[in-house]
Amino acid sequence: FSNFSSSTEGTIQSVLAASVVTSMNDASSSTAYWRESTECFARAFEEYFAVEALSDYSYFTRKYYCQKNEYESQIKPLVQLIISNLQNKL
């Protein structure tokens, strides 16, 4: 997976993936798959759209997703920054 931005150190995408790894629920019981940067990056966007577009707050208590305080302080701002950067490229 080294060709993905979430696997390239220093990118916003890798910071987002690392934030998920360090703040996800039940991190101590996670396998390597759940800590993979591409998986964490995808889960961050999944949680963002579930919460922001669908008002599905159950994600805050789901295994391997982030609780509300980590989501609000870390995940949400990074996802919004990535979306904003993409919009500026259009």
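We use all heavy atoms of the structure for the numbers below, so side chains are in, but hydrogens, waters and symmetry mates are not.
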Closest non-hydrogen atom pair, [X] against [Y]:
| X | Y | answer |
| --- | --- | --- |
| Lys63 | Ser29 | CE-OG, 3.6 Å |
| Cys40 | Ala17 | CB-O, 3.6 Å |
| Val15 | Leu78 | CG1-CD1, 4.0 Å |

Separation of [Y] [atom2] from [X] [atom1] (nearest 0.5 Å):
| X | Y | atom1 | atom2 | value |
| --- | --- | --- | --- | --- |
| Ser5 | Leu16 | OG | CG | 11.5 Å |
| Glu36 | Ser7 | CD | OG | 5.5 Å |
| Thr22 | Gln74 | OG1 | CD | 5.5 Å |
| Ser6 | Gln13 | OG | CD | 7.5 Å |
| Tyr33 | Glu39 | OH | CD | 3.5 Å |

With sequence neighbours excluded, residues passing side-chain hydrogen bond (donor to acceptor under 3.5 Å, both in side chains) with Ser14: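 Partners of Ser14 under the side-chain hydrogen bond (donor to acceptor under 3.5 Å, both in side chains) test: Thr11.
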
Within the 4.5 Å heavy-atom criterion, are [X] and [Y] side-chain neighbours or not?
| X | Y | answer |
| --- | --- | --- |
| Ile75 | Ser19 | yes |
| Gln67 | Asn25 | yes |
| Val79 | Phe45 | yes |

CA sep, side-chain torsions, deciding dist, call: Arg43, Glu47, salt bridge (charged side-chain N to carboxylate O under 4.0 Å, His left out): CA-CA 6 Å; Arg43 253 189 351 272; Glu47 185 169 13; over 6 Å; no

Pairs flagged by salt bridge (charged side-chain N to carboxylate O under 4.0 Å, His left out) wherever residues 52-61 is involved - sequence neighbours left out: Glu52-Lys76, Asp56-Arg62

Residue pairs fulfilling salt bridge (charged side-chain N to carboxylate O under 4.0 Å, His left out) with at least one residue in residues 78-90, sequence neighbours excluded: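 Applying salt bridge (charged side-chain N to carboxylate O under 4.0 Å, His left out) to every pair that reaches into residues 78-90, excluding sequence neighbours, yields nothing.
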
Side chain to side chain contact (heavy atoms under 4.5 Å, CB included) partners for Asn85, two or more places apart: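 Ile12, Leu81.
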
Residues which pass side chain to side chain contact (heavy atoms under 4.5 Å, CB included) with Ser30, listed by chain and number, not counting sequence neighbours: Met24, Trp34, Arg35, Tyr64

Candidate pair Leu54 and Phe49, rule side-chain contact (heavy atoms from CB on, under 4.5 Å), full reasoning: CA-CA 7 Å; Leu54 304 175; Phe49 285 108; over 6 Å; no

Pairs touching residues 65-90 that satisfy ring pair (Phe, Tyr, Trp, His ring centres under 6.0 Å), sequence neighbours left out: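 Non-adjacent pairs meeting ring pair (Phe, Tyr, Trp, His ring centres under 6.0 Å): Tyr59-Tyr65, Phe60-Tyr71.
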
